[in-house]
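So you know, we letter chains A, B, ... as the sequences are listed, proteins then strands, and number each from 1. Note that this is a predicted model, so its numbers are computed, not measured.
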Amino acid sequence: MPRRRYERIYDVVRRIPRGRVATYGMVAMVAGYPRAARFAGLALHHCDDPTVPCHRVVNASGGLAPHFVSQRARLQHEGVTFAGRNVSLARQLWTPRLPSERVAASSRRQAAGRG
DNA sequence: CTATTGACGGAGA
DNA sequence: TTCTCCGCCAATA
């Protein structure tokens, strides 16, 4: 039975779709810990829950985790492309849908309607 | 209880 | 451009 310690982090990581990646800082921020990228790293380091796609989390430069041997293979298996050692972040960085974005989209719709 | 340790990231020198 | 400093917070000694 996996531990339930870094649940807020793991919840966010579980939302990253196949073929996309997210950064530690991003995951931490969405999980409610802005500026705590290290915390996300710590959580994934301690992650023993197979339902958490921890291979989809990379650092801000697209670099992979130092001891996570199968990470690259798993990402490539999902269609993630690389630029040298790093993930091509600009291409496949996950863009989470935040509650505020839904509001903004709704507003834009109304604005468009009003012309 | 305190100090230290990280799969990090941005700002300043 | 490369390097250093500090914030963040759970786990561990």
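- With rounding to whole Å, F39(A) atom CZ is found 18 Å from dC6(C) atom C1'.
- Residues R56(A) and R18(A) are in side-chain contact: their nearest non-hydrogen atoms beyond the backbone lie under 4.5 Å apart.
- The NE2-C1' distance, from H45(A) to dA7(B), rounds to 8 Å in whole Å.
- Heavy atoms of S61(A) sit nowhere under 4.0 angstrom from any nucleic acid atom.
- Atom P of nucleotide dA7(B) and atom CG of L75(A) are separated by 18 Å, given to the nearest angstrom.
- Between the SG atom of C47(A) and the OH atom of Y6(A) there is a distance of 10.5 Å, given to the nearest 0.5 Å.
- A distance of about 22 Å separates the C1' atoms of dG10(B) and dA10(C), rounded to the whole Å.
- Scanning atom types as modelled, one donor and one acceptor separated by under 3.5 angstrom connect the side chain of Y24(A) and the base of dA7(B).
- Between the CG atom in L75(A) and the CZ atom in R20(A) there is a gap of 13.5 Å [rounded to 0.5 Å].
- The side chain of Y6(A) lies closest to dA10(C), out of dC8(C), dA10(C), dA7(B).
- With rounding to whole Å, R8(A) atom CZ is found 11 Å from dA10(C) atom P.
- Rounded to whole Å, atom C1' of dC9(C) lies 16 Å from atom CE of M29(A).
- Between E7(A) atom CD and dC9(C) atom P the separation is 18 Å, expressed in whole Å.
- The existence of a salt bridge linking D11(A) and R8(A) is excluded, since no basic side-chain nitrogen approaches an acidic carboxylate oxygen closer than 4.0 Å.
- Among the atoms of the strands shown, base atoms are found under 4.0 Å from some heavy atom of F68(A).
- As rounded to whole Å, 14 Å separates atom P of dA11(C) from atom CG of L44(A).
- In this structure, M26(A) atom CE and dA7(B) atom C1' are separated by 16 Å, rounded to whole Å.
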